[in-house]
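Contents: one structure, followed by commentary.
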Amino acid sequence: MAKKKNKPFRPKARRPRGFEDRSSDVLRAETRLIQAAFSVYDMHGFEPLQTPAFEFADALGKFLPDEDRPNTGVFALQDDDEQWMSLRYDLTAPLARFVAENYDALAKPYRRYQAGSVYRNEKPGPGRFREFTQCDADSVGAAGAAADAEMIMLAAEVMRAAGLKDGQYAIRVNNRKLLDGILESSGVPNTAEGAEQRLQILRAIDKLDRLGAAGVEALLGEGREDESGDYTEGAKLNAAGIKAVLGFTTASTDNRADTIRTLESLMGTSERGLAGVQELIEIDTILNAVGFGNERVSYDTSIVRGLGYYTGPVFEAELLTEIKDRKGRPVRIGSVGGGGRYDDLVSRFRGQTVPATGFSFGVSRFLTALERMDALDSSVKPPVVICAFDRSLMGEYFKLAGELHAEGIRAEVFVGSGNVTKQMKYADRRHAQVAVLMGSDEMDAGQVTLKDLYEGAKAAAAIESNEEWKSSRPAQETVARGQWVSAVKAMLAG
RNA sequence: GCCGCCUUAGCUCAGUUGGUUAGAGCGCUGGUUUGUGGAACCAGAGGUCCUUGGUUCGAGACCAAGAGGCGGUACCA
């Protein structure tokens, strides 16, 4: 074998798994989407907030690093005083900490919006990373259904702001209290003992569209073995309970008023269930008054949101393609965000219940969906490239760039090294439409030469010999310095 | 976590039953052409064949473990 030579150490250029570089197009699209959401939230009187990426581990809650699994779930490290700090895994837990810390100073309801990276230490999958951007709006300190209605309307407005037309999205609303009501009469108590079983039932319902009724039935009962031979423990509901749950999840229609009537009879005498229906009625009244029809917001009893911490209304924002299914309804692409009421998060800090409700979406997931729907307008024009023909005229080149900037045209001076050939190649690779050439000849004559690279490329197709290519100088014109900006504009427009 | 597939140049991939100096296309850099992006031609750079250990006279190839990637499933605050 070859002996080790004294090679200089070179680190391998690589990223930790699950962490992505995001560049140009993606970044622009993300920024635009976040700004669109922010402007909606801002318009409705929400305030921006930014919290740090690190929080004390105990402030974030349940996912503490322990000795068995020190590196799963959250990224955590010990500060120099040995306190555990964790990278935030969402924006809601830090909000709860912020509200608790500033409780007396905040006007309530406190409504804030925030976007930022969150971190999860787990195996990355398709479209799933260990660092990703979330965009949240939450309303803390308002118990009534009006606050939930507001979040639902905001979610719908964000869909519009993202460039979607009505009919291309739907906000689907459910209420945890309804399922609680159903389960009560099926012998699952609404207490701490029933919490684990309720969570299993929620997870099972969540898989309705993927596994179908039969798969969910198995998960609600004894359990289910999948194709790879992996066994998932079921929720162990009895036959009547399974029937009741499945009946409930399919009870809703596209019409809110109809669904409310159906649910009222389904809840029977369950106090909690009827309270849930009452909340949906209140929300419906507000939506109707503002003109949010069934097409934008519907009630859907199959929506669960996997999380255990929701306590009341829950909802998902779903994207729909233009393609219709057999019943003539737009096909679902899937959920791009969601939210709901969570009344117990701040109480961890203060001992008293603080009502809260919010909406959150994953920025890149939303973008991927928009891309699939061709609803993305990500066009940023490439810059005009000003060639540095003559180094002694550098100041003039920046002056030219400045004149374009003043007109809102993206432009840059070539600041690298190399002759004009290289500079033209650079302009080409930047996909620039216009290259600006000004050597001493033009300078002395008070002129600027402009070249339309797009037109030039078309002309090149017909040219065989290099001689001809060089001498013809296609799609280029020399104009007086006084008119050159409007000439550039004309070229970009043409 | 569990199951399956994969890993050779920047990219896409060849590489014979284990045999000397590991190749191609595209891309990249330079030149023909230092006042002009294409095309063409010429030249060049770029490789710990994922890692470690083993089998062998000899391993890119065979064996083992690990890492990384992809897909499915579970989980998802």
Side-chain angles (χ1 to χ4, degrees), chain A residues 1-5 7 9-10 12-18 60-64 69 72-74 86 88-94 96 118-128 130 132 134 199-200 202-203 206-207 210-211 215 219 223-233 305-310 342 345 360 362 385 387-391 414 417-442 449-476 478:
Chain A
M1 288 306 298
K3 287 153 284 178
K4 291 263 179 192
K5 288 279 186 286
K7 273 193 182 169
F9 170 72
R10 294 241 169 73
K12 203 168 178 184
R14 62 196 181 122
R15 282 168 287 121
R17 102 195 121 94
L60 283 185
K62 21 204 250 186
F63 297 91
L64 296 176
R69 318 169 64 191
T72 48
V74 299
S86 298
R88 62 187 176 200
Y89 51 77
D90 67 11
L91 298 177
T92 311
V118 301
Y119 306 85
R120 295 182 187 182
N121 192 2
E122 58 195 4
K123 195 192 100 176
R128 208 167 128 171
R130 290 157 98 195
F132 59 96
Q134 277 194 331
L199 200 59
Q200 278 179 317
L202 290 175
R203 284 179 198 150
D206 208 14
K207 294 183 177 64
R210 197 150 44 81
L211 301 181
L219 283 173
R224 176 178 180 275
E225 188 173 334
D226 66 39
E227 299 79 43
S228 68
D230 213 10
Y231 188 74
T232 309
E233 195 71 11
R305 304 247 80 207
L307 327 190
Y309 69 67
Y310 287 114
Y342 54 98
L345 237 51
S360 166
V385 172
C387 294
F389 237 114
D390 183 337
R391 299 281 142 171
F414 183 81
S417 61
N419 56 31
V420 181
T421 304
K422 278 190 66 170
Q423 299 192 25
M424 292 302 289
K425 280 189 177 174
Y426 172 81
D428 206 37
R429 287 183 101 183
R430 296 282 281 136
H431 305 111
Q433 184 186 354
V434 178
V436 178
L437 303 165
M438 187 177 76
S440 48
D441 294 355
E442 285 94 343
T449 296
L450 306 177
K451 185 169 183 116
D452 188 326
L453 297 177
Y454 294 177
E455 288 303 315
K458 279 186 215 159
I463 297 173
E464 302 265 311
S465 85
N466 195 46
E467 311 284 294
E468 193 187 344
W469 163 251
K470 299 205 67 169
S471 56
S472 70
R473 292 188 179 173
Q476 113 178 25
T478 300

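Lettering of chains follows the sequences in order, A, B, ..., and the numbering in each one begins at 1.
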Using atom [atom1] in both nucleotides, what's the gap between [N] and [M] to the nearest angstrom?
{"N": "B:G47", "M": "B:C13", "atom1": "C1'", "value": "15 Å"}
{"N": "B:U56", "M": "B:G60", "atom1": "C1'", "value": "16 Å"}
{"N": "B:A40", "M": "B:G27", "atom1": "P", "value": "9 Å"}
{"N": "B:G44", "M": "B:U7", "atom1": "C1'", "value": "29 Å"}
{"N": "B:C49", "M": "B:A9", "atom1": "C1'", "value": "10 Å"}
{"N": "B:G46", "M": "B:G10", "atom1": "C1'", "value": "9 Å"}
{"N": "B:G31", "M": "B:G15", "atom1": "P", "value": "38 Å"}
{"N": "B:U55", "M": "B:G71", "atom1": "C1'", "value": "33 Å"}

Interatomic distance where [atom1] belongs to [X] and [atom2] belongs to [N] [whole Å]:
{"X": "A:M424", "N": "B:G37", "atom1": "CE", "atom2": "P", "value": "7 Å"}
{"X": "A:D452", "N": "B:G38", "atom1": "CG", "atom2": "P", "value": "16 Å"}
{"X": "A:R120", "N": "B:C76", "atom1": "CZ", "atom2": "C1'", "value": "6 Å"}
{"X": "A:R224", "N": "B:C75", "atom1": "CZ", "atom2": "P", "value": "11 Å"}
{"X": "A:L91", "N": "B:C76", "atom1": "CG", "atom2": "P", "value": "20 Å"}
{"X": "A:K207", "N": "B:C76", "atom1": "NZ", "atom2": "C1'", "value": "10 Å"}
{"X": "A:L199", "N": "B:C76", "atom1": "CG", "atom2": "P", "value": "6 Å"}
{"X": "A:L437", "N": "B:U36", "atom1": "CG", "atom2": "P", "value": "10 Å"}

Query - Presence of donor-acceptor pair under 3.5 Å, side chain of A:E122 and base of B:G1 - result: no
Report task. Measure distances between side-chain N and O atoms of A:Q423 and base N and O atoms of B:U36, and say whether any donor-acceptor pair falls under 3.5 Å. Result -> no
Query raised in the report: Taking protein heavy atoms under 4.0 Å as touching, what does nucleotides 27-33 of chain B look like 5' to 3' if B marks base contact, S marks sugar-phosphate-only contact and - marks none?
Result: -SSS--B
Report task. Decide yes or no on side chain to side chain contact (heavy atoms under 4.5 Å, CB included) for A:R203 and A:T232, but give the supporting numbers first. Result -> CA-CA 11 Å; A:R203 284 179 198 150; A:T232 309; over 6 Å; no
Query - Separation between CG of A:L211 and CG of A:D206, rounded to the nearest 0.5 Å - result: 10.0 Å
Query raised in the report: Does a sphere of radius 6.0 Å around CD in A:E467 hold more than 12 heavy atoms from other residues, nucleotides or ligands, not counting ones at 6.0 Å or beyond?
Result: no
Which heavy atom of [X] sits nearest a heavy atom of [Y], and at what distance?
{"X": "A:C387", "Y": "A:M424", "answer": "SG-SD, 4.1 Å"}
{"X": "A:H431", "Y": "A:Y454", "answer": "O-OH, 2.8 Å"}
{"X": "A:E455", "Y": "A:D452", "answer": "N-OD1, 3.1 Å"}

Report task. Could you walk me through whether A:I463 and A:S472 pass the side chain to side chain contact (heavy atoms under 4.5 Å, CB included) test, one step at a time? Result -> CA-CA 9 Å; A:I463 297 173; A:S472 70; 3.7 Å; yes
Query raised in the report: Quick one: is B:C76 close enough that its OP1 or OP2 comes under 4.0 Å of any side-chain N or O from A:R305?
Result: no
Requested in this report: May I ask you to verify if any side-chain N or O of A:W469 is less than 4.0 angstrom from the OP1 or OP2 atom of B:U36?
Outcome: no
Report task. Could you summarise the pairing of RNA chain B as dot-bracket text, marking Watson-Crick and G-U pairs under 3.5 Å with ( ) or [ ] inside the strand and | across strands? Result -> (((((((..((((.....[...)))).(((((.......))))).....(((((..]....))))))))))))....
Query raised in the report: Base, sugar-phosphate alone, or nothing: which one does A:A457 contact when heavy atoms must sit under 4.0 Å apart?
Result: base
Choose from [options] the nucleotide whose nearest atom is closest to any side-chain atom of [X].
{"X": "A:R210", "options": "B:A74, B:G37, B:U36", "answer": "B:A74"}
{"X": "A:R473", "options": "B:U36, B:U73, B:G37", "answer": "B:U36"}
{"X": "A:P474", "options": "B:G37, B:U36, B:G72", "answer": "B:G37"}

Looking at [Y], is its backbone amide N or carbonyl O close enough to the side chain of [X] to form a donor-acceptor pair, meaning the two atoms are under 3.5 Å apart?
{"X": "A:R224", "Y": "A:L219", "value": "no"}
{"X": "A:Q134", "Y": "A:D90", "value": "no"}
{"X": "A:Q423", "Y": "A:G418", "value": "yes"}

